[in-house]
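I have placed the structure first, in the form of structure tokens, so that the comments after it can refer back to it.
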Amino acid sequence: MSRILAPLALLWGNGRARIGLVMLGGFILMAVLAPWIAPYRPTYGGFAPMQPPSAAHLLGTTQLGQDVLSQLIWGARVSLMVGALAGGLVMLIAVVIGLVAGFLPGWVDDVLSLLINVALVIPGFPLMVVLAAYIPVHGVGVIILVLSITGWAWGARVLRAQMITLRGREYVTAAAFAGEGIVRIVFREILPNMTSLIAASFMGAAMGAILGEAGLEFLGFGNPQVVSWGTMLYWAENSSALLAGQWAWIFAPGLALALVGTAIAFVNFGIDVISNPRLEV
Amino acid sequence: MAKRFVFLVFTLWIAVTLNFLIPRMMPGNPAELMVRRIVGQGPVNPQLVHAVEIMLGLPVGSMAHQYVLYLGNMIHGSFGVSYTYFPYPVMQVIGQALPWTLALLGTTTIVTFVLGTALGAFAAWRRGSWFDTAATVTANFTATFPFFWIALMAIYVLGFLLHWFPINGGYGAGLTPGWNGTFLASALDHSILPALTIVVAGTGGWLFGMRNNMIHVLGEDYVRLAVAKGLGGHVIALDYGARNAILPNITGFAMSLGTLVGGSILVESVFGYPGMGYLLYNAVGDQDYPLMQAIFLLITVGTLLANFLADLAYGVLDPRARRGGESS
Amino acid sequence: MRDLTVAYASRRRHSSVTAVRGVSFDVNAGEFVGLVGESGSGKSTVAYALLRLLSGGGAVGSGQVVFDGEDLLALGPEPLRRRRWRDISVVLQSSMNALNPVLTVRAQFRDTIRAHAAMSSAAIEERIGELLDLVKIDRRFAAAYPHELSGGMKQRVAIALALVLRPRLVVLDEPTTGLDVVVQHAILADLRALQRKHGFAVLIISHDLGTVLMVSDRVLVAYAGRVVEDHPAAGLLEHPHHPYTRALLDCYADPEAEHVRITYIPGLPPDMGRLAPGCAFAPRCPRADERCRREDPLPRDIGDSRVACHHAEDPPVEGETAPGAYRSGASCVEARPRDERPAPPVLTVAGAVKTYRRRHQSVTALAGVTLTLAQGRVTALVGESGSGKSTLARLITGMERPDAGGVHFGDLDVTRLRGRALREYRRHVQMVFQDPFSALNPANSVLYTLMRPLGNHLRLSPREARSQALALLETVGLVPAETFGAKRTSELSGGQAQRVVVARALAAEPEILVADEPVSMLDVSIRAGILKLLDDLRTDRDFTLLYITHDLLSARLLADDVVVLNHGEVVEQGPADEVIAHPRHPYTRLLLSSIPNPRRARAV
């Protein structure tokens, strides 16, 4: 237990990371409690359309007469879920490729490094767009898939480098002398010393996924019937919400995206400071 | 040097092959989709589909045969015919959009890199000062805002409310593109908001990278020795600090450039700016697959070339890479 | 330096650690002064405070650094900048990283000169050439980048750079640490000659009393943030005053003498964050009494030296000896008489060749080495870095395979072992690593570290492994074993960590133990303790030891036989006392003459 709690306590001790954790916790709470705290159902369209913010509708209404605030609260669910799932998948690919490349020098590393370098230089977003355009169904699942295929290279590169550093440590050789097998050496001796880096890669991947999802949905690759921050922005843009004075409809989901991103960046800043004390201000 | 060139050629080949494979691995038939769009609801006539396939130069024959034909077409710069702008060839459509994107993205890439690197270096040099705090906190926010959202906000505040800048398009209505003062002034006026958006959203990444590297470098022994030598502050900051700190930032060029390219696609779409990003946005909406693929390929080639140039710059700036092959 | 105090602020614990506690000393014009101390003694902090280069939260609490009648600590930024390098220059510890990697050697001389003087380009060029001549480096290397120089060349360039403005004082912070002994020796000798010729003053900082005594006119001995003894070098060997200085001198010996023995200082240096009242050395001092534990001694003059000890003039007590006298006892290691009985071979290396390919060029690590390890004997493999001694260890332990030649353990062909067979082989051959902190996983506890080989190799149940691990901890002197077993390996000191590494290697009860430089990363006062442990263990447990080292003294102390390796070839081998007392190969002689040995150092 202390293996999990001790680093968290350390993270909590960093001012900026604490702000990030609190913000992130707030968003997660909002997503979980959406059915209870949202004033209306997000898809109910019985209100007057395109209303600016008022007491009844704090963020106004959509072109279909839905409540923007309720959509914002419910939308957190999709955005955070995509962040967690795609972030997790990206990290999984990155960990597998990075660790294998780092642990097996020779042709395995050569091939995987080339793969990483190629994936790194091919711009991700245009590739996402083309991939998403060819997949006939649109929706959250497709977006998660596309994000995972395109987003792993950076994490793999960082983890590979770290793996090479740790593999050279004498305690890894010593573990072989103590009669340990390869699997146990990787998972019991090396991996515990990479946790902060893996956590940071996961956070970075989750942030990239949340922003990537919003971008793809904004371009129309989402399922427009699903309420998420990205589809909110898509509908708002297509309904010329700004010109109609319904600025809150665009302002709110964008700000929410940015705040989640900032929260993650703050947490990562904390992880960075812990694992690299020179950065401490 | 030779190694880098081989890598460039290799990545180009990978991009070209990806471009070949993606549509063929996916379910669905573009010709059928096009016919369906023309016909609307109702039964689709297979003969009509076949006719469209031939007209558009769509896949026939074995995969290997198709691949050879495809590579031949790539070498001749022939990307087929656009569905939406039929019968114009894709290259002609792209040719009109390319200069806009080159101007916008080229300028903003350089500006964000220079600005972010300089601010990051200065923040690290004056570490803990009010400037450092202000710069890092601001960059923390701007780096996480979606590009397109900043674009929307810029349109709303600076364009719609304040009327400082035009909010749509690449030049004034009724003007004909050409090398004349009126047109260029109008184009410049129209590109300020998109450029501003990219700079605001893109600078933060460079700033953070540079600040971290610089802090790391300033802790090195050779910087300590530079202080002991009684060198002037600017010599230490530039020749000893920034010269070394900028190297990893150039290595990280690929990722930051990728973010910038992706963001600019969305920014162009929001502004209706007549560049490649907007064209891609429209091609996706119109399911104009040949156009979409050609744009993807060109954006990728451009990015690869930019990375190649960054690699060359690295070779010049880092003496360890200059003579010993790859740096360790 | 007058009554200097430096404290480091710790953000984590919101407290501060006083690293330097009221240090005063003088360096006279043209004098060569050595400051010696172990890690944690505050010696480097003194140097950085003097140069006003403290970092990592360190700040001067009080005191003055008076140079030519002016307090350097009170100078403003610009006056300070102008005096830097003209008055005081420095050669930093890590020569590897003291030069800017993106500038040529020439550019780094030039910016230094330009920051202080208006000189023509031609004059600057001439000066750079002169300086490179001075440190015996070809002038054409002015155009080289730092990565194109070897470690020794970088350090010579750093020394040349320190002399560029003809400073009055040069501070040398561990100038030769990390370099090979032969290179170390040459650089120190050249430095001393340069100093004599040009008349600048030097403050040299080192953990190694031998190095300091070899070059210095006067020696300052630091312990726990204090200078405990300030003594002219001439009389230090014969009449050390402080018990710590005495004990430190006993950590050295002349390997060529008939009887060789060294002692170690029991206990550990104090934790600077939690200093007890009284003398900081009292817990390790044989002379300590009630007064020492109550009252911190102030420095006082004794003859031409200054000493901070209540009992400096007392006669030697039980557990101490008159300097240079022969003595045996619990806290010392001593070379044993030659064992003439024949011993059967347990492991043979025959004609081993190993070549590494690095970046289009191949480096021959071993060029046909033949070697036999005799049952129950200690063989010392002596050589500098690049001699191939570590490669040989990797071949013997099955970590790598030779390109040609064979390694046999009994009937077993070691070069053919893979997977399970290799794991099985490690029941018989185990290894002690050089850097104890790198060899222990910081994420694991001491007990876990020891229980794994017991479970893997001896198939002990967790309960048996646990009691066996505790027994091992007692064997290596880490008592109470329960307390040490529960610690994380990152909580141990260097000496303790190395004991755990030894215990782990012994867990599988191997027939052969390969120890690769097991003491070179440790403080001098602790080294003998580990050597003593190895020596005792091999008597009690009857294993064969291959002791790899660059240090002929420790080889003489531990080994029955010595094998000297140079550039991948065996140049000399034989009984330890004979090879060291009567070396035949010139390379062995060169190695011997390069050992920083306080007892011979004054001859330089």
Side-chain angles (χ1 to χ4, degrees), chain B residues 1-4 6 117 121 124-129 210 213-251 312-328, chain C residues 47-48 50-56 75 77-105 107-117 143-148 154 158 161-162 164-165 167 170-171 173 358-361:
Chain B
M1 174 69 213
K3 211 169 164 183
R4 293 197 179 92
V6 169
T117 304
W125 182 246
R126 293 254 184 274
R127 187 165 170 205
S129 67
M210 187 62 183
N213 301 338
M214 183 88 169
I215 286 173
H216 188 83
V217 166
L218 290 180
E220 295 283 357
D221 272 342
Y222 52 80
V223 173
R224 218 176 211 205
L225 195 72
V227 176
K229 290 202 290 191
L231 300 186
H234 62 282
V235 177
I236 299 174
L238 297 177
D239 285 357
Y240 285 72
R243 272 284 298 270
N244 283 290
I246 205 169
L247 295 173
N249 230 24
I250 293 175
T251 315
L312 290 188
Y314 188 92
V316 173
L317 286 173
D318 188 351
R320 282 159 297 190
R322 217 175 297 160
R323 277 173 231 180
E326 288 273 291
S327 72
S328 48
Chain C
Y48 286 121
L50 172 113
L51 296 157
R52 286 189 61 179
L53 285 176
L54 285 172
S55 63
L75 284 180
E78 186 51 24
L80 176 69
R81 186 194 72 72
R82 269 188 265 116
R83 299 198 61 163
R84 282 189 147 140
W85 220 253
R86 293 205 89 117
D87 288 342
I88 308 178
S89 66
V90 61
V91 177
L92 289 179
Q93 178 170 1
S94 41
S95 55
M96 301 305 143
N97 208 12
L99 297 174
N100 187 347
V102 299
L103 297 183
T104 58
V105 168
Q108 299 186 53
F109 277 94
R110 190 178 288 161
D111 62 17
T112 313
I113 296 172
R114 290 244 164 94
H116 296 279
Y145 285 95
H147 74 276
E148 295 165 322
K154 276 187 204 170
L161 195 55
V164 67
L165 298 176
V170 179
V171 177
D173 183 18
R358 289 215 179 91
R359 281 195 195 159
H360 316 296
Q361 58 179 12

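Note that the coordinates shown come from a computational prediction; the quantities given were computed from them, not determined experimentally. First the proteins, then the strands, lettered A, B, ... as listed; each starts at 1.
- For a residue to count as touching a neighbouring chain, one of its non-hydrogen atoms must lie under 4.5 Å from one of that chain's; by this rule Glu78(C) does not touch chain B.
- For Leu80(C), no part lies under 4.5 angstrom from a heavy atom of chain B.
- Between chain C and the options Leu247(B), Val235(B), Asp239(B), the largest number of non-hydrogen pairs under 4.5 Å is found for Asp239(B).
- Closest heavy-atom contact between Trp85(C) and Ala228(B): CE3-O, 3.2 Å.
- Contacts between Leu51(C) and chain B at a heavy-atom distance below 4.5 Å are absent for every atom of the residue.
- The minimum heavy-atom distance between Tyr222(B) and Pro101(C), with the atom names listed, is CE2-CD, 3.4 Å.
- A 4.5 Å side-chain heavy-atom check between Val90(C) and Leu225(B) finds at least one atom pair inside the cut-off.
- Residues Val102(C) and Arg243(B) approach most closely at O-NH2, 3.3 Å, considering heavy atoms.
- Annotation: side chain to side chain donor-acceptor pair (under 3.5 Å) contacts of Arg114(C) (sequence neighbours excluded): Ser121(C).
- A pairwise comparison of heavy atoms in Asp221(B) and Asn97(C) identifies CB-O, 3.5 Å as the closest pair.
- Partners of Thr112(C) by side chain to side chain donor-acceptor pair (under 3.5 Å), not counting sequence neighbours, listed by chain and number: Lys229(B).
- Residues Arg224(B) and Leu54(C) approach most closely at NH2-C, 4.5 Å, considering heavy atoms.
- A heavy-atom distance below 4.5 Å is not found between the side chains of Arg52(C) and Val227(B).
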